[in-house]
Amino acid sequence: MASNKQTVEIDKSVIGIELGSTRIKAVMADTVGNILAKGEFAWENHFVDGVWTYGLDEVWAGLQQCFADLRKDVQKRYGVELHRVGAIGISAMMHGYLPFDGEGKQLAPFRTWRNNMTGEAAAALTKLFGYNIPQRWSIAHLYQAILNHEPHVGEVRFLTTLAGYVHWQLTGEKCLGIGDASGMFPIDIGAKDYNGAMLGQFDELVREKGFAWQIQDILPKVLPAGEAAGRLTEEGARLLDVSGQLEPGIPLCPPEGDAGTGMVATNSVGVRTGNISAGTSAFAMLVLEKELSQVYENLDMVTTPSGKLVAMAHSNNCSSAINAWAGMFHECLKAFGVEKSTNEVYETLFRQAEKGDEDCGGLLAYCFYSGEHGVGLTSGCPMFLHPAKAKFTLANMMRIQIYTAFAAMKLGIDTLLKTEGAKIDRVIGHGGIFKTKGVAQKILAAAINAGSWNVSDLPPPVGNTASNDFPSTAA
């Protein structure tokens, strides 16, 4: 504790802040990754006028409360006020659409990764580039807005992601880490920048519209990990810390997406390593040895924070249906006068899933609260089906809910492993669905057929993580 206090006092600590789908988290760590203090803020997206979104006022209210929670934790643990740290990093939900005019005014509601409203644009750009453009990518949202004749498009002077926006407000720098940038526009892996040929193709595609911008002019500057990305300004310090104690001048690293966060947190940045993030959405990120042989609509090509090529199998939906069922059972218990914590409810239900039949008793579930691009679903329609001859038990019901949480993502993984023959040495999972030890891990291992991998000579995971090594678990 004394050593940690000294680290805090002499500015050797760093702060990472992530804006996730359900929580904003701030973590203070030392130079080798030991957690010194933390803060958090819970929030949820809204479905407004057909758009999944968060208001930017909510972004700042959440960030300020999260940072205040971190300050309080530092004071409680070490008895010191938080004035400076060695560095700060911002990460947030990848992709989406946040356009601004030349005065910094937001031109359209934040369209998150969860929206499946850009099918026409994504298909057209995929054909034009010969490169898969998923619906949630920023360039797909921009082109769809053009196709829809949305009047704000001509006024756009800056387009960014949520992490890029927060970083811009804190530092004044319009930049983005290469991993997050790869979810805005295709990246040239060799140049570690946007693909120049495709930038030209897009400008030619929209030339007749007469916009006062070219695409490269409105995108953030691309920075690989390790590059300087500006310093906290006086205005940025006041935005983040309403107490006025945080000092300006702190250096910031390039802002990244939550995909990059997962890669780094699980040390899955080397070739033939991978990680699976499971929360509101589920996505597998697998670092490739070489380019894929062709374009696949269920595999996104992104990068690690240092610029290595990554195949991402992404699904918009994962745990929302499980959360809804757990909430109903919790409500049921309360109706009978039984008080159980939320954690106890989840633990009990997940343990029941272990007792279910291998085929889940013939039950069927589809956890699509929002649209699901991998199966061609444009809007949400969660369903639970129990045919007349099915074994409708609590164990089978929970088991099928966990299986379906990974089903859409599995389609992309199957393409990568079975069709492309890509090799993976290790996959590490992270996210709230894995809190009940061994349940979701085993189901996911089965879903990705980890038991068939050659695990006899695998290297162990590196670093301190509470996640699980799926191949070893399956074996």
Side-chain angles (χ1 to χ4, degrees), residues 1-44 54 57-92 163 166-167 169-171 231-253 255-256 258 261-262 264-266 279 339-347 430-432 434-437 463-467:
M1 183 65 75
S3 175
N4 288 347
K5 180 177 178 180
Q6 185 182 32
T7 298
V8 172
E9 289 178 333
I10 63 176
D11 304 341
K12 292 283 186 169
S13 58
V14 296
I15 291 176
I17 300 174
E18 178 164 273
L19 295 94
S21 301
T22 58
R23 287 187 302 154
I24 302 175
K25 297 147 284 191
V27 176
M28 175 183 280
D30 64 17
T31 55
V32 294
N34 296 311
I35 294 175
L36 304 175
K38 57 186 178 180
E40 66 176 53
F41 174 79
W43 69 342
E44 281 288 349
Y54 299 82
D57 55 341
E58 292 180 283
V59 168
W60 292 111
L63 279 168
Q64 289 163 1
Q65 291 189 48
C66 179
F67 193 84
D69 195 32
L70 175 68
R71 287 185 58 84
K72 185 185 298 183
D73 196 35
V74 170
Q75 175 64 40
K76 179 180 178 181
R77 289 173 184 253
Y78 311 110
V80 298
E81 288 292 335
L82 179 57
H83 297 290
R84 285 191 63 83
V85 290
I88 296 174
I90 303 296
S91 67
V166 172
H167 184 94
Q169 298 302 301
L170 296 181
T171 66
R231 292 179 177 270
L232 187 66
T233 63
E234 184 72 41
E235 297 80 4
R238 299 292 75 80
L239 262 177
L240 188 58
D241 179 21
V242 295
S243 76
Q245 297 295 310
L246 189 64
E247 299 174 7
I250 299 169
L252 273 79
C253 67
E256 270 293 353
D258 49 3
T261 308
V264 173
T266 60
E339 289 296 329
K340 294 290 182 181
S341 70
T342 299
N343 285 341
E344 286 179 297
V345 172
Y346 275 96
E347 174 85 19
H430 52 105
F434 301 115
K435 284 184 178 180
T436 303
K437 186 176 180 181
N464 182 19
T465 175
S467 302

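The first residue of the sequence shown is numbered 1, and numbering continues consecutively from there.
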| said: If we count only N and O atoms by modelled type, under 3.5 Å, do the side chains of E18 and S91 hold a donor and an acceptor together? | reply: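 A donor-acceptor contact under 3.5 Å links the two side chains.
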| If you draw a 6.0 Å radius around NZ in K25, do more than 12 non-hydrogen atoms from other residues or ligands fall strictly inside? |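 It does: K25 NZ has more than 12 such atoms within range.
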| task | List the steps and the verdict of side-chain contact (heavy atoms from CB on, under 4.5 Å) for L82 and M28. | result | CA-CA 11 Å; L82 179 57; M28 175 183 280; 3.5 Å; yes
Pairwise distance [atom1]([X]) to [atom2]([Y]) - rounded to 0.5 angstrom:
X    : Y    : atom1 : atom2 : value
E58  : F41  : CD    : CZ    : 7.5 Å
T233 : Q169 : OG1   : CD    : 9.0 Å
T261 : E256 : OG1   : CD    : 7.5 Å
H83  : S243 : NE2   : OG    : 8.5 Å
E44  : Y54  : CD    : OH    : 6.5 Å
R71  : L240 : CZ    : CG    : 10.0 Å

| task | Apply the test side-chain contact (heavy atoms from CB on, under 4.5 Å) to residues I24 and L19: give CA-CA distance (whole Å), side-chain angles for both, the deciding distance (0.1 Å), then the verdict. | result | CA-CA 4 Å; I24 302 175; L19 295 94; 4.1 Å; yes
So which atom in [X] and which in [Y] form the shortest heavy-atom distance, rounded to 0.1 Å?
X    : Y    : answer
R77  : A37  : NE-CA, 3.9 Å
Q245 : R238 : N-NH2, 4.1 Å
G39  : C66  : O-SG, 3.5 Å
A163 : A92  : N-CB, 3.5 Å
G89  : C253 : CA-SG, 3.5 Å
P248 : A237 : N-CB, 4.3 Å

Backbone N/O of [Y] and side chain of [X]: donor-acceptor pair under 3.5 Å:
X    : Y    : result
E347 : T436 : no
W43  : G20  : yes
S13  : A29  : no

| message | With side-chain contact (heavy atoms from CB on, under 4.5 Å) as the criterion, how do R84 and I250 come out once you've worked through the C-alpha distance, each side chain's angles and the decisive distance to 0.1 Å? | response | CA-CA 7 Å; R84 285 191 63 83; I250 299 169; 4.0 Å; yes
| message | I'd like to know whether L232 forms a side-chain contact (heavy atoms from CB on, under 4.5 Å) with L246, so could you lay out the CA-CA distance, the side-chain angles of the two residues, the decisive distance to 0.1 Å, and finally the verdict. | response | CA-CA 10 Å; L232 187 66; L246 189 64; 3.7 Å; yes
| query | For E40, which residues count as a side chain to side chain donor-acceptor pair (under 3.5 Å) partner, sequence neighbours excluded? | reply |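 Side chain to side chain donor-acceptor pair (under 3.5 Å) check on E40 returns R23.
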